[in-house]
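Every chain is numbered from 1 and lettered A, B, ... according to where its sequence line falls, protein lines coming before strand lines. These figures come from a predicted structure and were not determined experimentally.
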Amino acid sequence: MSIPTEYVLALSAVLFSLGVIGVLVRRNALVVFMSVELMLNSANLAFIAFARAYQSLSGQVFVFFTITVAAAEVAVGLALIVAIFRSKHSIDVDQMSSLKG
Amino acid sequence: MSVDLILFFTLAAIAVITAVGMLASRNAVYSTLLLVLNFVTVAVLYLVLNAAFIAMVQVTVYAGAIMVLFLFVVMLLGSEQLPPSTRLRWQIPLAVVLGLLLLGEALYAVFSLRGSSLEAPEVAAAFGSPSSVGLFLFRSYLLPVEVASILLLVAMLGAIVLTRVERRKAK
């Protein structure tokens, strides 16, 4: 396996930046949420790369826990989106401005 | 260029193209399916990087369970496409510029500040196999596993409470 760690970290950085751009650009709350998942996934990729570079299984175990937390976050987040849709009949994040002065 | 590098660059190209497609797609269903493809591609990359167990978890939990939940909610709400809005048009180029700035900083940090040579580490064949990861998980990380199970229980209860229809007013 002759893939340098730096290349994997570079791919992780590219995916993370794409996730940031997605959170900032898209208005559909579900796509914003998916961009957050993309960022979590790129962090997992960096963990796997460092686990291989330092010969430590702790990195892989940490990815396991990140996936667990992501599953819990998706369950609660999608429930919130459904609740917001029920009251506002839209999931456009630009319209969630009830506190605007 | 070795076979491993060709494989890596192919997988990286697929991952980046699917991520860009997810952001650019007008239809949220296409976005979800492209993200599933992205996660499966990253799972194959985990296999190449000596993380077989995590690759399988990625396919079953992320691409299987979580993204199916996303697809279910997208179709349940019927909100595949939003009507176009003219508000905040200026924030799209600003967000792209700031995102690319972040990318440049991260790439600079990866390639220059670490200061190591571009060499691949040597790993044992059993590194990251399901048995080694399982033994490590239940020997060194037993308490965090229990905490994670409680976290999943709390998330399940929270989802039930948040989506419950209020019936007390009807009585």
Side-chain angles (χ1 to χ4, degrees), chain A residues 1-11 13-22 24-28 30-31 33-35 37-38 41 44-45 48-49 51-53 55 57-58 60-61 63-65 67-76 78-83 85 90-92 94, chain B residues 2 4-5 8 12 15-16 19-20 22-23 28 31-32 35 39 42 46 48-51 54 57 61-62 65-66 69-70 73-74 77 79 82 85 87-88 91-92 95-96 99 102-103 106-107 110-111 118-121 123 128 132-133 136-137 141 144 148 151-152 155-156 158-159 162-163:
Chain A
M1 295 301 158
S2 62
I3 302 169
T5 306
E6 279 84 354
Y7 289 2
V8 186
L9 292 180
L11 174 64
V14 170
L15 290 179
F16 190 89
S17 306
L18 285 172
V20 170
I21 292 174
L24 293 176
V25 164
R26 294 305 300 263
R27 288 183 299 121
N28 192 331
L30 282 164
V31 181
F33 207 23
M34 282 187 243
S35 303
E37 295 302 314
L38 188 65
N41 201 45
N44 285 348
L45 187 59
I48 293 287
R52 195 187 59 140
Q55 301 287 306
L57 273 179
S58 293
Q60 298 197 2
V61 170
V63 170
F64 185 74
F65 288 121
I67 291 177
T68 311
V69 173
E73 174 226 338
V74 165
V76 176
L78 287 179
L80 278 174
I81 288 179
V82 169
F85 183 80
S90 168
I91 53 167
D92 189 343
D94 281 356
Chain B
S2 69
D4 284 332
L5 276 183
F8 171 76
V16 172
V20 171
M22 183 203 95
L23 299 185
S31 293
T32 315
L35 192 59
F39 284 167
V42 173
Y46 289 170
V48 178
L49 294 173
N50 303 82
I54 298 297
V57 170
V61 177
Y62 244 129
I66 294 182
L69 196 60
F70 263 106
V73 171
V74 168
L77 299 185
S79 54
L82 294 178
S85 126
R87 295 161 59 197
L88 296 178
Q91 81 170 21
I92 291 177
V96 171
L102 176 70
L103 175 63
L107 289 181
V110 165
F111 280 109
L118 287 175
E119 59 188 19
V123 286
S132 61
V133 173
F136 192 69
L137 191 63
Y141 285 87
L151 176 73
L152 285 175
M156 190 175 73
L162 280 171
T163 53

Ignoring hydrogens and angles, tell me if any N or O in the side chain of A:Gln60 forms a donor-acceptor pair with the backbone of B:Asn50 under 3.5 Å.
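Confirmed, A:Gln60 side chain pairs with B:Asn50 backbone.
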Within the side chain of B:Gln91, is there an N or O that forms a donor-acceptor pair under 3.5 Å with the backbone of A:Leu24?
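Judged by distance alone, yes, a pair lies under 3.5 Å.
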With the side chain counted from C-beta on, respond yes when B:Leu5 and A:Pro4 share a heavy-atom pair under 4.5 Å apart, and no when they do not.
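Yes, their side chains come closer than 4.5 Å.
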Would you check if B:Val16 and A:Leu11 make a side-chain contact, meaning some heavy-atom pair closer than 4.5 Å?
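Yes, close enough: below the 4.5 Å cut-off.
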Heavy-atom distances under 4.5 Å only: say whether [X] touches chain A with side chain, backbone, both or neither.
| X | value |
| --- | --- |
| B:Val61 | side chain |
| B:Leu69 | both |
| B:Val96 | both |
| B:Met156 | neither |

Return the OH to CZ distance between B:Tyr141 and A:Phe65, rounded to the nearest 0.5 Å.
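Going from the OH atom of B:Tyr141 to the CZ atom of A:Phe65 covers 7.5 Å.
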Non-hydrogen atoms of A:Ser35 and B:Met22 that approach each other most closely:
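Where A:Ser35 meets B:Met22 most closely, the heavy atoms are OG-CE, 3.5 Å.
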At a heavy-atom distance under 4.5 Å, which candidate from B:Ala51, B:Ala19, B:Ser132, B:Gly158 has the highest pair count against chain A?
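Answer, by heavy-atom pair count under 4.5 Å with chain A: B:Ala51.
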Top of A:Ala83, A:Ala75, A:Ala10 for chain B proximity - count of heavy-atom pairs under 4.5 angstrom:
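Counting heavy-atom pairs under 4.5 Å, the top option is A:Ala10.
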